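See structure below.
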Amino acid sequence: MEKFVVTGEVQLNGTIRVGGAKNAALPIMAATLLCSGVSVIHDVPCLSDINAMQEIMRLLGAKITREGRTLVIDTTAIHKNEVPEHLMREMRASVFLMGPLLGRFHKVRLSYPGGCAIGHRPIDLHLKALEKMGTVVKEKFGYIDAEAASLSGGEIYLDFPSVGATENAMMAAVLAEGVTIICNAAREPEIYDLQSFLNKMGAKVSGAGTDTIRIDGVRRLKPAEHTIICDRIQAGTYLIAGAISRGDVVVENVVPEHLFSVIDKLEEIGAVLEVGSRSIRVRSKELRGVDIKTLPHPGFATDLQAPILSLLTIAKGTSIVTETIFENRFKHVDELMRMGAKIKVEGRTAVIRGVPKLTGSAVTAPDLRAGGALVLAALAAEGTTEIEQIYHIDRGYENLEENLKNLGAQIARVKSV
Ligand code: EPZ
């Protein structure tokens with residue numbers, strides 16, 4: 001096991017370039033299973049979640065080679081459509097394999113994806129969408145068997161704009177007979193990137209980015225080449241790092257319109273932002289408390305709730321943060337309180353009373369984004385902070401300690417005793 005050792009109160013200064021988005025790459029990797037042949041995906045981040053998806057796809061028969069930030073995925077020899085339990089538990093995003101395997105083989109078997117630290121993560125909306133297209137779903141002994149003699153288009157209404165359910169429905173619908181309409185679809189930028197890739201494969205998908213997506217089924221698809229969109233969550237995290245360290249940081253390779261809610265909130269808190277066409281500069285002055293509510297895109301992203309909450313712990317006054325997307329996404333609070341933060345959680349709401357300074361402590365990363373939040377807090381804290389269980393962080397933050405070191409941070413990855 002490894003941990004981060006961070007010496008705080010160091011201003012970050014310089015430029016950081018973010019790479020491709022994990023949450024765009026995972027469904028697009030799954031989508032390559034919709035046809036036989038060799039697809040080429042560029043700017044795929046080097047993350048453990050990506051490695052896990054590669055392993056699962058290899059187990060199904062795909063041949064995947066990594067050339068730098070490019071994945072070459074050959075799906076010619078796919079010979080299995082079952083995802084074993086231990087791999088489903090390792091990475092619940094393997095649920096994205098349902099749609100493509102159904103679309104190509106009309107049959108898929110996978111174990112129920114476990115919940116995780118942030119919530120139960122049910123997949124009822126995924127299954128309801130697939131059933132609307134003629135899939136028969138049987139759930140027993142912890143496994144899901146989904147089969148469709150033929151997939152036919154239909155009108156799907158999502159009770160909640162679920163990102164994963166939207167993506168699974170899109171991938172099942174592209175080879176279905178007829179037209180599928182997804183109402184109350186998720187509008188995240190990663191959905192739009194999936195639509196772009198599917199259309200490069202020869203699919204007919206439109207409306208991604210709005211709450212209604214139309215898919216006209218086609219008979220077959222072909223492999224495609226694609227570059228993954230930049231990771232707005234990593235970009236937002238580095239902007240917050242610049243603000244919390246009271247430094248001067250430029251984040252490059254961003255799409256500002258993917259970050260409007262974060263930009264708005266950082267300015268409300270008192271950071272000074274200069275927004276370019278593909279970069280954002282952040283400097284921070286006096287920080288003041290604000291209220292934040294996470295919402296489906298384009299609302300404030302739940303994946304940046306923990307990171308910005310770290311910033312609010314040292315902002316003047318009181319802040320109220322409401323987490324509307326996941327039921328258990330305040331696990332960073334206990335760890336931040338060990339660093340001197342004053343926070344009270346009631347259900348899905350956290351009330352934060354700003355303190356002048358945090359102090360370094362021994363803390364443990366409870367999940368991916370909470371782990372990122374603890375690194376941000378450690379950058380500003382007086383003294384040294386040790387962060388255990390950083391494997392959570394490695395799931396979604398690429399070269400975090402190298403990137404922060406390049407901005408002047410004092411952070412080291414060391415073996416835990
Ligand atoms: C995706 O998860 C992301 N993961 C998450 O990022 C992100 O937090 C989330 O979308 C919201 O933006 C990937 O893209 C790999 P949802 P997903 O379905 O698809 C409930 C990270 O840190 N729900 O939009 O699982 C669910 O319980 C990760 O990178 C149902 O009730 O999110 C949750 O409360 C964490 N039934 C809410 O919807 C369902 O069938 C949002 O879930 C599906 C979801």
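Numbering of ligands and ligand atoms starts at 1, following listing order. Because the structure is predicted, anything quoted here is derived from the model rather than measured.
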Note: ligand 1 atoms sitting under 4.0 Å from heavy atoms of L368 are 22 (O)
For residues 46-68, the salt bridge (Lys or Arg N to Asp or Glu O under 4.0 Å) pairs (sequence neighbours left out) are K22-D49, D49-R395, E55-R58
(Q) Below the 3.5 angstrom mark, is there an N/O of S162, backbone or side chain, next to an N/O of ligand 1? (A) yes
Honestly, for H126 the part within reach of ligand 1 (heavy atoms, under 4.0 Å) is both
### Query
Does even one non-hydrogen atom of P122 get within less than 4.0 Å of ligand 1?
yes
Note: ligand 1 atoms sitting under 4.0 Å from heavy atoms of G164 are 18 (O), 19 (O)
If we number the atoms of ligand 1 from 1 as shown, the ones under 4.0 Å from a heavy atom of D303 are 5 (C), 6 (O), 7 (C), 8 (O), 21 (C), 22 (O), 28 (C), 29 (O), 35 (C)
Contacts satisfying side-chain hydrogen bond (donor to acceptor under 3.5 Å, both in side chains) that involve residues 160-169 (not counting sequence neighbours) are H126-N168
Taking NZ in K200 as the centre, count heavy atoms belonging to other residues, nucleotides or ligands within less than 6.0 Å. Is the count above 12? yes
> Can a protein heavy atom be found under 4.0 Å away from atom 20 (C) of ligand 1?
Replying inline: no
Of all heavy-atom pairs linking I182 and A169, the shortest is CD1-CB, 3.7 Å
Short version for T302: what comes under 4.0 Å of ligand 1, heavy atoms counted, is side chain
Polar contacts were defined as any N/O atom of the residue lying under 3.5 Å from an N/O atom of the ligand; does this apply to I325 and ligand 1?
yes
With no hydrogens and no angle check, do the side chains of N399 and E402 hold a donor and an acceptor under 3.5 Å apart? no
### Query
N/O to N/O below 3.5 Å, does that happen between V163 and ligand 1?
yes
Scanning both residues in full, the closest heavy-atom pair of F330 with T349 reads CE1-N, 3.8 Å
Note: K22, heavy atoms under 4.0 Å from ligand 1, region reported as side chain
Nearest heavy-atom contact between S416 and K3 is OG-CB, 3.5 Å
